[in-house]
Amino acid sequence: MNKQQREDYTRTYEQFREETNLNSYEIRSILDQLHRYETSLHRISEIQCSIEMTPTEEKRLERRDANLEKKTTAIAEKLGFQVRFNSDPRGGAIRFVLPSGKSNGWDGETWGIYW
C-alpha cells in the first residue's frame with residue numbers, strides 16, 4: 001500500500017468508526033472485504049467496457065457482479081448505510097451514503113472505497 005492508499009484507508013476507517021458502533025477489529029474486517037469487492041467490481045466494469053464477450057462469458061460476469069453487489073448490500077445494511085454502485089471504470093465501484101452526509105468524492109454525497 002502506498003502513502004496515498006494508507007491515507008485513504010485511514011480516513012475511511014476513522015469515518016466508519018464515527019458512523020457505527022463497531023469495534024476496531026470489525027471495521028478492519030469489513031474494510032478488507034469491501035476492498036476485495038470493490039476491486040472485483042471495478043475489474044468487471046473494465047472488462048465490460050474493453051472486450052467483446054460471448055453470451056456465456058457475459059452471463060458469468062453478470063452473475064459475479066450481482067453476487068458481489070448482494071454481498072456489499074448486506075454489509076451496507078449491517079452498517080446502516082445506503083449503497084450505490086458505479087459501473088463506470090473511471091470511478092470507484094462502491095459508494096456509500098453515510099448517515100452523517102459526509103463525502104470523500106467529487107459528488108459531495110457519497111463515501112467511496114478507494115485504496
Side-chain angles (χ1 to χ4, degrees):
M1 202 181 294
N2 66 34
K3 182 180 178 184
Q4 183 62 51
Q5 290 169 322
R6 275 193 307 276
E7 289 173 7
D8 291 342
Y9 178 90
T10 301
R11 284 184 53 209
T12 300
Y13 172 85
E14 292 299 329
Q15 191 60 44
F16 278 37
R17 192 163 179 137
E18 286 179 29
E19 302 277 345
T20 67
N21 293 324
L22 301 175
N23 66 41
S24 196
Y25 174 79
E26 291 170 316
I27 293 171
R28 290 183 192 284
S29 176
I30 286 170
L31 290 179
D32 289 345
Q33 286 178 316
L34 289 173
H35 176 67
R36 285 192 303 274
Y37 299 163
E38 197 285 330
T39 300
S40 294
L41 287 167
H42 191 84
R43 285 183 185 146
I44 289 170
S45 295
E46 288 175 335
I47 291 167
Q48 289 173 327
C49 288
S50 63
I51 65 171
E52 202 165 312
M53 294 179 282
T54 66
T56 303
E57 291 171 328
E58 280 183 42
K59 284 183 183 178
R60 187 178 306 135
L61 210 56
E62 287 171 6
R63 280 195 310 268
R64 177 74 175 136
D65 183 75
N67 186 38
L68 289 165
E69 287 185 7
K70 182 180 173 183
K71 289 178 179 181
T72 303
T73 301
I75 290 173
E77 288 173 1
K78 177 181 178 179
L79 297 171
F81 301 168
Q82 293 176 9
V83 65
R84 295 183 187 164
F85 297 99
N86 176 26
S87 60
D88 186 335
R90 294 173 291 180
I94 299 173
R95 310 281 309 160
F96 290 109
V97 178
L98 303 179
S100 67
K102 290 187 179 178
S103 170
N104 69 345
W106 60 269
D107 64 0
E109 298 175 1
T110 59
W111 195 280
I113 303 300
Y114 309 117
W115 64 86

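- A continuous path of ILVMFWY side-chain contacts below 4.5 Å connects Tyr13 to Met1, so both sit in one hydrophobic cluster.
- For residues 49-67, no residue pair satisfies the salt bridge (Lys or Arg N to Asp or Glu O under 4.0 Å) rule, not counting sequence neighbours.
- Side-chain contact check for Ser24 versus Arg17: some heavy-atom pair is nearer than 4.5 Å.
- Between Gly112 and Arg95 the shortest heavy-atom distance is CA-NH1, 3.0 Å.
- Residues Asp88 and Arg90 come closest through the heavy atom pair OD2-NH2, 2.6 Å.
- Asn21 CG to Ile27 CD1: the interatomic distance, rounded to the nearest 0.5 Å, is 9.5 Å.
- The pair Arg84-Glu109 meets the salt-bridge criterion, since a charged nitrogen lies less than 4.0 angstrom from a carboxylate oxygen.
- Taking the ring pair (Phe, Tyr, Trp, His ring centres under 6.0 Å) definition, one finds that His35 meets it with Trp115, sequence neighbours left out.
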### Query
Would Lys102 and Glu18 satisfy salt bridge (Lys or Arg N to Asp or Glu O under 4.0 Å), going step by step from the backbone distance to the final call?
CA-CA 11 Å; Lys102 290 187 179 178; Glu18 286 179 29; 3.3 Å; yes

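- The two residues Leu41 and Ala93 come nearest to each other via the heavy atoms CB-CB, 3.6 Å.
- Looking at His42, its side chain does come within 3.5 Å of a backbone N or O of Gly91 through a donor-acceptor pair.
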### Query
Yes or no on side chain to side chain contact (heavy atoms under 4.5 Å, CB included) for Glu69 and Val83, after CA distance, side-chain angles and deciding distance?
CA-CA 9 Å; Glu69 287 185 7; Val83 65; over 6 Å; no

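- Cluster membership check: Ile30 shares its hydrophobic cluster with Leu98, using side-chain heavy-atom separations under 4.5 Å among Ile, Leu, Val, Met, Phe, Trp and Tyr.
- Under the 3.5 Å distance criterion, the side-chain polar atoms of Ser29 are left unmatched by any main-chain donor or acceptor of Tyr25.
- The CD1 atom of Ile75 sits 4.5 Å away from the CD atom of Gln33 when rounded to the nearest 0.5 Å.
- Placement of Val97 and Leu22 in two distinct hydrophobic clusters is found when ILVMFWY residues are connected by side-chain heavy-atom separations under 4.5 Å, directly or transitively.
- Remark: Leu68 CG to Arg36 CZ distance equals 11.0 Å, nearest 0.5 Å.
- Trp111 and Tyr114 end up in different hydrophobic clusters when Ile, Leu, Val, Met, Phe, Trp and Tyr side chains are linked at under 4.5 Å.
- Expressed to the nearest 0.5 Å, how far CD of Glu38 lies from CD1 of Ile113 amounts to 7.5 Å.
- For the atom pair CZ (Arg28) and OH (Tyr9), the distance works out to 4.5 Å, reported to the nearest 0.5 Å.
- Between the Asn23 side chain and the Glu26 main chain, a donor and an acceptor come within less than 3.5 Å of each other.
- To the nearest 0.5 angstrom, Thr73 atom OG1 is 13.5 Å from Phe81 atom CZ.
- By the rule that hydrophobic residues join a cluster once side-chain heavy atoms approach within less than 4.5 Å of another member, Ile94 and Trp106 end up as members of separate clusters.
- Using modelled atom types, one side-chain atom of Gln5 and one backbone atom of Asn2 make a donor-acceptor pair closer than 3.5 Å.
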